[in-house]
Undergrad: 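Encoded as structure tokens, here's the structure I'll be asking about.
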Amino acid sequence: MDKKSIIKENSPLLNKIKNLKEVLWINNNYTIFNNLVDNLPITYEDIIDAEKRLKRFAPYIKKMFPETIEGIIESPISPINSMKSKIEKIYDKKIYGNLILKRDDLLPIAGSIKARGGIYEVLKHAETLAIKNNLLSIHDDYSILAEDKFKDFYSNYIIQVGSTGNLGLSIGIMSAKIGFKVKVHMSQDAKKWKKDLLRSKGVEVIEYSSDYSKAVEEGRKQSESNPNSHFIDDENSKDLFLGYTVGGLRIKEQLDKMEIVVDENHPLFVYLPCGVGGGPGGVTYGLKFIYGDNVHCFFAEPTHSPAMLLGLVTELHNKISVEDFGLDNITEADGLAVGRPSSFVGKIMDKLLSGIFTIDDNRLYKFLTALADEEEVFLEPSALAGFLGPVFLSSEEGKEYLIKQDILKKKDNITHMCWATGGSLVPESIMKEYYRKGK
């Protein structure tokens with residue numbers, strides 16, 4: 001079916017999406033992991049290699065960012081039992097199993113999930129340049145990168161990125177610290193405080209009156225004209241994706257310490273806010289290598305910006321945009337305000353992802369306020385998108401998925417993990433405003 005026919009298609013799901021209704025889509029292409037693993041574009045060895053690179057940089061990160069634990073950029077996991085009870089009360093629905101929160105809002109340096117992929121790609125680029133110029137060996141103590149001679153060396157190079165906010169923060173903060181010149185191309189939906197914070201770190205912020213795709217396009221174009229410029233491509237970068245996969249890899253050790261079992265009888269359901277797809281896609285990828293079919297990953301998108309959902313449903317990926325369906329791509333969830341998904345990630349997720357659901361902006365604020373009241377955790381609006389996941393799982397479509405996956409009888413053994421993608425860097429006055437909106 002061609003693009004025009006798909007846009008006109010009168011399917012119940014597409015009609016709900018066009019009318020800004022919240023939907024749960026179950027992925028019929030979902031495939032047993034062992035049947036896929038040999039044909040995946042990124043290997044387990046690639047992920048381990050990324051983790052080793054982050055460990056090599058730990059002495060440098062520890063020196064420059066003492067707020068990290070031994071130079072490792074990682075976040076805790078919290079049980080949120082009061083929030084679980086609150087959600088059950090609000091929706092008059094039983095949430096099977098237990099509910100936990102992955103606190104990427106507390107990731108050091110950049111305060112969001114983007115600290116994973118963004119910082120990783122900056123570090124990899126810095127390592128590649130230094131080794132190529134005989135300034136560094138992988139056997140060195142990387143804390144030497146803090147020396148002035150390295151800052152002088154990196155000042156000859158530029159890093160550029162297009163962003164709605166959090167990716168720009170992570171790349172801008174780390175690149176500037178190492179010594180790179182940095183240009184962050186920001187779309188109209190990027191929050192002012194994020195732009196101000198970047199400028200305070202010495203980052204050049206270039207603003208656009210259009211959306212995210214335009215910021216990426218312009219950033220890419222400017223970077224290509226300069227041989228000393230490296231463009232971090234949120235839509236297509238394998239390195240960015242690899243940085244996120246390490247986050248999925250590390251979950252096992254954390255859950256083991258919490259004595260949370262994940263196996264055939266104790267499934268793990270993970271709900272990840274999704275913009276262009278790199279962050280949630282990378283985390284899903286890493287989790288699948290650890291837990292295989294015992295982990296079920298769902299993306300969460302705003303009703304106004306369901307880019308990945310439309311890309312996967314139509315199988316057109318980045319050839320289709322939310323605007324094609326009459327949606328405005330305007331949402332309070334700035335990190336998720338993406339009109340066209342990553343084709344690279346969409347094609348990888350086609351058989352790995354369990355499903356996608358959409359959430360209304362007003363509901364983001366209600367969850368934000370409830371989480372603050374119940375658990376004293378303050379997140380930015382986009383980071384609350386996953387909280388509708390456990391509710392959707394109690395719906396008819398959700399139950400159908402549980403039956404299909406032979407989980408219904410084990411439903412009380414489910415661990416639900418909402419992935420909190422950002423929030424700790426939000427200025428207090430703005431967070432109070434978010435809280436008031438939720439009231």
Side-chain angles (χ1 to χ4, degrees), residues 65 67 73 75 103-119 122 159-177 180-212 214-216 218-219 232 234 273-276 279 302 304-305 329-338 361-362 364-369 371-372 376-385 419-439:
F65 299 96
E67 68 270 26
I73 301 164
S75 71
R103 299 290 310 276
D104 268 10
D105 60 301
L106 297 179
L107 275 177
I109 304 174
S112 83
I113 189 173
K114 300 294 186 179
R116 299 184 182 280
I119 287 174
V122 171
I159 285 187
Q160 303 198 50
V161 66
S163 174
T164 57
N166 285 344
L167 183 65
L169 279 182
S170 72
I171 286 165
I173 291 168
M174 180 52 84
S175 300
K177 183 68 86 173
F180 288 113
K181 291 191 176 79
V182 203
K183 293 184 179 184
V184 178
H185 302 261
M186 284 191 141
S187 52
Q188 62 176 357
D189 31 59
K191 301 285 189 251
K192 182 180 180 295
W193 69 266
K194 293 182 182 179
K195 297 172 189 172
D196 293 344
L197 179 58
L198 277 169
R199 288 185 173 118
S200 76
K201 305 281 183 188
V203 174
E204 184 183 346
V205 176
I206 301 157
E207 298 183 54
Y208 297 86
S209 57
S210 49
D211 74 357
Y212 165 85
K214 184 68 177 169
V216 172
E218 283 299 318
I232 296 183
D234 199 8
C274 177
V276 77
H304 286 252
S305 306
N329 192 29
I330 295 171
T331 169
E332 290 292 312
D334 59 326
L336 312 183
V338 173
D361 276 16
N362 289 328
L364 294 174
Y365 284 112
K366 286 194 163 46
F367 280 133
L368 185 152
T369 304
L371 189 65
E376 293 184 9
V377 172
F378 293 82
L379 303 178
E380 61 184 347
S382 56
L384 279 303
W419 207 284
T421 46
S424 61
L425 295 186
V426 177
E428 195 179 342
S429 60
I430 293 171
M431 188 58 85
K432 280 180 178 169
E433 187 53 40
Y434 290 161
Y435 180 85
R436 275 197 293 274
K437 274 190 184 176
K439 276 291 184 198

Undergrad: Measuring from Y435:OH to L368:CG, what's the distance to the nearest 0.5 Å?
TA: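 Reported value, rounded in 0.5 Å steps: 9.5 Å.
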
Undergrad: May I ask you to test the D361-P302 pair for a side-chain heavy-atom distance under 4.5 Å?
TA: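 The answer is yes, as the side chains (C-beta and beyond) meet within the 4.5 Å cut-off.
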
Undergrad: Does any non-hydrogen side-chain atom of V184 lie less than 4.5 Å from one of Q160?
TA: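 Q160 does not reach V184 side chain to side chain.
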
Undergrad: Could you tell me whether the side chains of Y208 and E218 share a donor-acceptor contact shorter than 3.5 Å?
TA: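 Checked: Y208/E218 side chains show no N/O donor-acceptor pair below 3.5 Å.
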
Undergrad: Between V122 and M174, what is the shortest heavy-atom contact and its length?
TA: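 Closest approach of V122 to M174, heavy atoms only: CG1-CG, 3.8 Å.
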
Undergrad: Rounded to the nearest 0.5 Å, what separation is found between the CD1 atom of I109 and the CG atom of L169?
TA: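 Answer for the CD1-CG pair, I109 versus L169, is 12.5 Å.
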
Undergrad: How close do G422 and A383 get, heavy atom to heavy atom, and via which atoms?
TA: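 Shortest heavy-atom contact: O-CB, 3.3 Å.
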
Undergrad: Begin from the C-alpha positions of E204 and V182 and carry the test side chain to side chain contact (heavy atoms under 4.5 Å, CB included) through to its verdict.
TA: CA-CA 6 Å; E204 184 183 346; V182 203; over 6 Å; no

Undergrad: Start with the C-alpha distance between R116 and D104, add both sets of side-chain angles, then the distance that settles side chain to side chain contact (heavy atoms under 4.5 Å, CB included), and finish with yes or no.
TA: CA-CA 9 Å; R116 299 184 182 280; D104 268 10; 2.8 Å; yes

Undergrad: Between G168 and L198, which heavy-atom pair has the shortest distance, and what is it?
TA: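 Taking every non-hydrogen atom into account, O-CD2, 3.4 Å.
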
Undergrad: Roughly how far apart are F378 CZ and D105 CG, rounded to 0.5 Å?
TA: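 Going from the CZ atom of F378 to the CG atom of D105 covers 11.5 Å.
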
Undergrad: Measure across A110 and L425 and return the closest heavy-atom pair with its distance rounded to 0.1 Å.
TA: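 Heavy atoms of A110 and L425 come nearest at O-CD1, 3.3 Å.
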
Undergrad: Nearest 0.5 Å please: distance from the CD1 atom of I232 over to the OG atom of S163.
TA: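 The OG atom of S163 is 11.0 Å from CD1 of I232, to the nearest 0.5 Å.
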
Undergrad: Begin with the C-alpha distance, continue with both residues' side-chain angles, and end with the deciding distance and a verdict on side chain to side chain contact (heavy atoms under 4.5 Å, CB included) for S170 and L167.
TA: CA-CA 5 Å; S170 72; L167 183 65; 4.1 Å; yes

Undergrad: Quick test of your reading of the model: are E207 and R199 salt-bridged, counting only N-O distances below 4.0 Å?
TA: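 Answer for the salt bridge query: yes.
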
Undergrad: Taking side-chain contact (heavy atoms from CB on, under 4.5 Å) as the criterion, tell me which of L384, L336, L379 meets it with L364.
TA: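 The option that passes is L384.
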
Undergrad: Looking only at side-chain N and O atoms, does D334 offer a donor or acceptor that is under 3.5 Å from a partner on T164?
TA: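 Judged by distance alone, the side chains do not pair up.
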
Undergrad: Would you say the side chain of I119 lies within less than 4.5 Å of the side chain of F65, judging by non-hydrogen atoms?
TA: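 No, side chains not in contact.
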
Undergrad: Taking all non-hydrogen atoms of both residues into account, name the closest pair between S305 and T331 and its distance.
TA: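 Scanning both residues, the minimum pair turns out to be OG-CG2, 3.5 Å.
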
Undergrad: Please determine if K437 and E433 form a salt bridge, counting it only when a charged side-chain N lies under 4.0 Å from a carboxylate O.
TA: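 Looking at K437 and E433, the cut-off is not met.
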
Undergrad: To the nearest 0.5 Å, tell me how far L107 CG sits from K114 NZ.
TA: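 Interatomic distance, L107 CG to K114 NZ, rounded to 0.5 Å: 12.5 Å.
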
Undergrad: With rounding to the nearest 0.5 angstrom, report the CG to CD1 distance, N166 to I171.
TA: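 N166 CG to I171 CD1: 11.0 Å, rounded to 0.5 Å.
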
Undergrad: Shortest non-hydrogen contact from E67 to P108?
TA: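 Smallest heavy-atom distance, with atoms named: CG-CB, 4.2 Å.
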
Undergrad: Salt bridge or not between E380 and K194? Use side-chain N to carboxylate O under 4.0 Å.
TA: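 A salt bridge links E380 with K194.
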
